[in-house]
Structures are given as structure tokens and as C-alpha cells.
Amino acid sequence: MMNAVFSELREKALAGECLTRDECYRVLTCPDEDLEVLSGEVYRVRYAYKGNRVSVQILTNAKSGNCGQDCAYCAQSAAAKSGVASYPLAPFETLSRNAEIAREKGAGRHCIGLSGMTFTDAQIEELRGYVEKLKAQADTPICCSIGFLTIEQARRLKEAGVDRINHNLNTSRGFYKNICGTHTFERRVENIRMLKSLGFEICCGGIVGMGEGDEDVVDMLLEIRGLEPQAVPINFLTPVKGTPLENADTSKLTPEYCVKVLSLVRLLIPRADIRCAAGREKYIHHRQRFMFNAANSIFAAGYLTTGGQSIDEAIRLILDEGFSYEVE
Ligand code: SF4
């Protein structure tokens with residue numbers, strides 16, 4: 001029975017059709033014993049657009065902590081008592097070193113994370129200078145994870161060579177008030193639309209496991225689909241001590257549930273780079289193969305404020321699961 005349902009969903013995805021809400025729920029709530037069938041169908045969609053390759057991304061936290069926003073999951077919020085390092089723009093040498101590692105290892109992209117929601121023109125100029133030098137050093141694509149830019153600031157970064165910008169929706173429109181009181185969901189959507197209008201590639205994803213329901217996961221993914229991002233990072237909440245979500249109940253994040261979420265992302269946004277981001281090492285466990293059947297991208301060498309698998313370990317994992325790793 002489920003075989004027929006999942007093969008129908010695969011056909012819809014390959015035809016570029018959007019799944020109905022009901023179909024989305026069926027994916028998220030299917031019995032674990034049906035996961036193998038689901039994942040096999042999802043792999044066919046993944047294979048059609050991304051082949052058998054997994055892209056490894058390296059993340060540099062270029063500006064950390066002391067953010068005036070109050071995102072409940074975030075160790076970098078000034079409201080959090082996480083003890084996370086707080087520094088303004090890191091020295092160029094830090095980014096340059098990571099760019100070199102990215103180039104040597106053949107990483108698909110160098111992602112640069114910057115805490116904070118707004119930036120002064122002087123800060124953007126400094127970043128722009130860094131990006132120009134990094135681009136001269138290696139042609140690894142650069143993605144900046146950055147808050148709300150003015151259109152002029154965004155233009156300056158585009159001219160410097162930033163290829164892609166990460167700006168996540170994080171959760172559903174309806175659930176957003178539960179995780180942030182200092183800016184709105186709509187402001188994030190508007191920012192992404194502005195960036196798209198300037199020709200940036202968009203990386204837009206979210207976090208699962210913050211107390212939202214399946215309907216919120218579906219709503220978030222449908223919103224993200226509507227923004228037509230090139231990449232969709234999915235994080236599974238890793239509660240950080242000192243944040244409002246430090247004691248969040250993450251029991252829902254079984255390996256099987258995480259794989260169902262990633263599978264749904266692939267079916268809804270089939271052409272995108274789907275990245276299993278934070279929480280991968282914590283939650284996926286023995287379901288790595290199913291994860292790669294949906295996701296074609298992972299981070300290595302840690303996340304913004306939490307450690308992670310080394311690049312060599314990530315590459316070994318990819319090869320062990322029968323995939324190849326990618327030089328974009
Ligand atoms: S997620 Fe971004 S905006 Fe929110 S507190 Fe963290 S750094 Fe600030």
C-alpha cells in the first residue's frame with residue numbers, strides 16, 4: 001500500500017509538483033517500518049538531480065556572540081548565558097586558513113557565519129574586503145550566513161563575490177513567536193526576497209525539535225519551497241546550556257523522524273542542495289544511509305557554536321555509505 005503512495009510522491013516530485021499537506025503528513029508520520037521504501041523512492045529523486053555525490057561544507061564563525069536578538073535556540077544571543085565566545089569580525093587569517101582547508105579538501109563551499117541581525121556599513125565594508133581577498137586566494141564558492149542587510153549593503157557583498165546568502169526561516173510562521181520576540185517571520189521572508197532580487201543564490205532552512213508540531217514543519221517547508229532556495233539546511237535542535245531551549249524535549253528526534261523530515265524536504269524541494277546540518281552527529285545514528293538518500297550535503301569541522309565531525313571523518317562516512325564526495 002505504502003509502496004504505491006510513495007512511488008506516487010516520487011513521481012510528483014520529479015514532475016515538479018507540490019505535495020499536498022496530507023501527503024506531507026503521511027511522509028512525516030509513516031510507520032518506521034515503511035522508512036526503507038520511502039527512502040528508496042526519495043533516493044530516486046535525489047539521484048535525478050544530485051547523482052550520488054555529497055557536498056561537504058566548511059563553516060567559519062566569523063563574528064560570534066553578543067547578538068541583540070532573542071532567538072531561543074541560539075547561544076549567540078546576548079540574552080543567553082551560554083558562555084559562547086564573543087568577538088567582532090575574526091581576523092582575516094582565520095577565514096583564510098579555513099578557505100585553504102576548504103580548497104585542499106575539495107569542500108563544496110565555504111560558509112561564513114556572522115552573529116547579529118543588523119550591520120553597520122563599516123562592518124560590511126570590512127567583510128567585503130575579506131571576501132575579495134578570499135576570492136583572490138581560491139575560487140571556492142562563498143556563502144555568508146548573515147542577518148538583515150540593507151539593499152546597498154547586500155549589493156556591496158554581491159560585488160565582492162559572495163555567491164550565496166544563508167538566511168533561515170527557522171520554523172513556521174505560526175510558531176515563530178515561540179522562538180523569537182525581537183523580529184518577525186515576515187521580516188525574514190522580506191529580506192530573502194530582497195536578496196533574491198539582487199541575484200544571490202539563497203540558502204534557507206530551519207530547525208526541527210523546538211517544540212513545534214508536524215504541521216509547523218510542513219508549514220515551514222512549504223514557505224521555504226515558495227522561496228525557491230538553492231540550498232535548504234535542516235538543523236535538528238542541539239539544546240545549548242544557557243539558552244531558553246536548554247531543556248527542550250528532543251525525544252521526538254529519533255533517527256527515523258529526522259530521516260522522514262529530510263525525505264520530505266527532498267520531495268518538496270527536489271532540486272535543492274539539502275543539507276543535514278546541526279544535530280546530524282547527535283540524532284541520525286544508524287540511519288546515515290537513509291540520510292544520504294535525501295540529503296546531498298553535510299557540514300564538517302563543526303557548527304557555529306558546537307563541535308562536530310572532522311572533515312576526514314565526514315569524508316570517510318560518505319565513502320562508507322557508498323556515496324562520493326563532491327568538489328563543486
Ligand atoms: S540566530 Fe542570529 S539573530 Fe538570532 S540570536 Fe542568534 S545570531 Fe542573533
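When a ligand or atom number is given, it counts from 1 through the structure's own listing order.
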Quick one: does any side-chain atom of [X] pair with a main-chain N or O of [Y] as donor and acceptor, under 3.5 Å?
X    : Y    : value
N170 : I207 : no
R44  : S39  : no
S172 : M220 : no

Take the angle between the ring planes of H167 and F148 and call it parallel below 30°, perpendicular above 60°, tilted in between. tilted
Per-atom filter on ligand 1: closer than 4.0 angstrom to a heavy atom of Y73 are 1 (S)
If you draw a sphere of radius 2.8 Å around atom 8 (Fe) of ligand 1, how many protein N/O/S atoms end up strictly inside it? 1
Under the side chain to side chain donor-acceptor pair (under 3.5 Å) rule, collect the residues that match up with [X], sequence neighbours excluded.
X    : value
R21  : D219
R155 : E152
E100 : R103

Is there a protein heavy atom less than 4.0 Å away from atom 3 (S) of ligand 1? yes
